[in-house]
There are 2 protein chains.
Amino acid sequence: MTSAEAADMPDDGALRTPDRLRRRASRLLSRLTMRSDRLVNEGLARADARKWHYAVLASLEEYGPGSQAELSRRSGIYRSDMVGVLNELAERDLVERAPDPDDRRRNIITISDRGRRHLRLLDHVLDDLHEELLAPLDPAERDEFVGLLTRLLDHHTRAS
Amino acid sequence: MTSAEAADMPDDGALRTPDRLRRRASRLLSRLTMRSDRLVNEGLARADARKWHYAVLASLEEYGPGSQAELSRRSGIYRSDMVGVLNELAERDLVERAPDPDDRRRNIITISDRGRRHLRLLDHVLDDLHEELLAPLDPAERDEFVGLLTRLLDHHTRAS
DNA sequence: CCGTTGCGTTAGTGGGACTAACGATGTACG
DNA sequence: CGTACATCGTTAGTCCCACTAACGCAACGG
């Protein structure tokens, strides 16, 4: 259940939302994700980045250069959207795009030194943002939370 | 990581997404919510409904008739989008829209008997969908999950 | 009576997920 | 060999959702 509770929509005690609504896991997920996405997007924007940048750079550093299609599969970004992301990364010299001599259909994407440095910065930014996101939970609860999320997600990605 | 390794990756498990990516709570949340939303939307669509229908009907049954603006506040639907939702509900005779004699700016929305029946159906549909969503978790874990989500969401709705 | 505030409504923005289709390749097979 | 099929990068466009802007109308308070 999605819905917004924006700045101009106060939710003071008098007008409560129904219980059946408030307790649904799907709704809690949607709403929390909205907050979380906003938090992360804004945090990354302050570092002149977007979450895809992080996904691609991390993928490149961890598995080495690859074609756009490959990156797309690894990072979960649709290959249609990959173009734009790589343009942005290339603009910032975080990444280099070169044609593959062995297969002229492909571009081979390589992370640059600047890219590596930027990735390290983003890692730090994300750590801080997650500290904020998970603030109310103690370390054990955070692990538990991540564990539960992982199990649920795994279940639903296999089943699909 | 050599490029050779990446270059001739078949399609089985070898194509992994980086760990730092996979473990981030924000990413887990986003992806799980995508699945969850899809599940719920499709489930409700099969019952000729949308999540907002549920939100409005539940709000009406729990707190009685109200103006559109009031419903908007309770359910978290933007009042801009409320019009369309109420049109859909009125089309289906689940709800009645009548002008408020005491304040001619307002419409007073009332749930109909059909609406009540429909709400009960949707409750059941949602129960089933949540059973599917939370399938991998035992009852205690489901409570824990909902508890964690609630705490996080509360924290971020107050803080905002 | 007038300014303010709240209401219902229409229109539109911006972003994210996802699809369709294309040209230019590569690969497999009869 | 040639032809059918698959893959890659790319463009365009769809759909849905959260959210904003603005308008006209009506009520309320001074």
Side-chain angles (χ1 to χ4, degrees), chain A residues 1-10 15 26-27 29-38 40-42 44-45 50-53 55-56 66-73 75-90 95 97-109 160, chain B residues 6-11 15 26-27 29-42 44-45 50-52 55-56 66-73 75-88 90 97-109 160:
Chain A
M1 294 284 131
T2 324
S3 288
E5 192 149 321
D8 57 338
M9 297 185 71
L15 280 176
S26 58
R27 179 175 228 252
L29 271 174
S30 286
R31 293 172 77 86
L32 180 58
T33 297
M34 213 185 308
R35 300 274 167 182
S36 160
D37 282 354
R38 203 138 60 196
V40 169
N41 287 336
E42 286 168 2
L44 288 178
R50 298 205 278 143
K51 50 184 173 177
W52 324 100
H53 297 190
V56 169
S67 73
Q68 299 189 186
E70 223 175 307
L71 288 176
S72 168
R73 271 176 246 121
S75 58
I77 305 173
Y78 271 68
R79 81 179 192 289
S80 325
D81 303 324
M82 198 72 218
V83 198
V85 177
L86 289 179
N87 285 343
E88 292 174 8
L89 289 173
V95 127
R97 198 165 7 184
D100 183 342
D102 297 339
D103 184 340
R104 273 176 302 179
R105 290 172 304 178
R106 299 185 195 184
N107 292 331
I108 292 193
I109 314 297
S160 84
Chain B
D8 87 7
M9 212 74 91
D11 45 333
L15 207 46
S26 58
R27 176 172 231 250
L29 272 174
S30 286
R31 294 177 78 86
L32 181 57
T33 297
M34 211 186 308
R35 299 275 167 181
S36 161
D37 282 353
R38 201 140 60 198
L39 194 73
V40 169
N41 287 336
E42 286 169 2
L44 288 178
R50 298 206 278 144
K51 50 186 173 172
W52 297 307
V56 169
S67 74
Q68 298 189 188
E70 221 174 309
L71 288 176
S72 169
R73 271 176 247 121
S75 58
I77 304 172
Y78 272 69
R79 81 181 192 289
S80 325
D81 302 324
M82 198 72 218
V83 198
V85 176
L86 289 179
N87 286 342
E88 291 175 9
R97 198 167 5 186
D100 184 342
D102 297 339
D103 184 340
R104 271 176 303 180
R105 292 172 304 178
R106 297 184 197 187
N107 293 329
I108 291 194
I109 314 298
S160 87

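Convention: sequence-line order gives letters A, B, ...; per-chain numbering from 1.
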Verdict with supporting geometry, N87(A) and R97(A), side-chain contact (heavy atoms from CB on, under 4.5 Å): CA-CA 9 Å; N87(A) 285 343; R97(A) 198 165 7 184; 2.4 Å; yes
Which letter, B, S or -, goes with each nucleotide of nucleotides 14-20 of chain C from 5' to 3', with contact meaning a protein heavy atom under 4.0 Å? --SSBBB
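- For R104(A), the CZ atom sits in a loose shell: 12 or fewer heavy atoms of surrounding residues, nucleotides or ligands are nearer than 6.0 Å.
- Between R73(A) and dC8(D) there is a side-chain polar atom (N or O) within less than 4.0 angstrom of OP1 or OP2.
- Taking atom CG of residue D37(A) and atom C1' of nucleotide dC17(D), one finds them 12 Å apart after rounding to whole Å.
- In this structure, R97(B) places its CZ atom 10 Å from P of dG8(C), rounding to the nearest Å.
- For the pair N87(B) CG and dG8(C) P, the computed distance is 13 Å after rounding to whole Å.
- Atoms CD (E88(A)) and P (dT10(D)) sit 14 Å apart, rounded to a whole Å.
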With side-chain contact (heavy atoms from CB on, under 4.5 Å) as the criterion, how do V85(A) and V56(A) come out once you've worked through the C-alpha distance, each side chain's angles and the decisive distance to 0.1 Å? CA-CA 8 Å; V85(A) 177; V56(A) 169; 4.1 Å; yes
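- S72(A) places no side-chain N or O within donor-acceptor distance of the main-chain N or O of Q68(A), the cut-off being under 3.5 Å.
- For residues 99-109 of chain B, proximity to DNA chain C is found at R105(B), R106(B), N107(B), defined as any non-hydrogen atom under 4.0 angstrom from a strand atom.
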Tell me, with the steps shown, if D100(B) and S67(B) meet side-chain hydrogen bond (donor to acceptor under 3.5 Å, both in side chains). CA-CA 8 Å; D100(B) 184 342; S67(B) 74; over 6 Å; no
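- The nearest whole Å value for the distance from the CD atom in Q68(A) to the P atom in dT11(D) is 10 Å.
- A distance-only check finds a donor-acceptor pair linking the side chain of T33(A) to the backbone of L29(A) [under 3.5 Å].
- Atom CG in L71(A) sits about 13 Å away from atom C1' in dC8(D), given to the nearest Å.
- Considering only heavy atoms from C-beta on, L44(B) stays 4.5 Å or farther from R50(B) through its side chain.
- Between the side chain of N41(B) and the backbone N or O of D37(B), at least one donor-acceptor pair lies under 3.5 Å.
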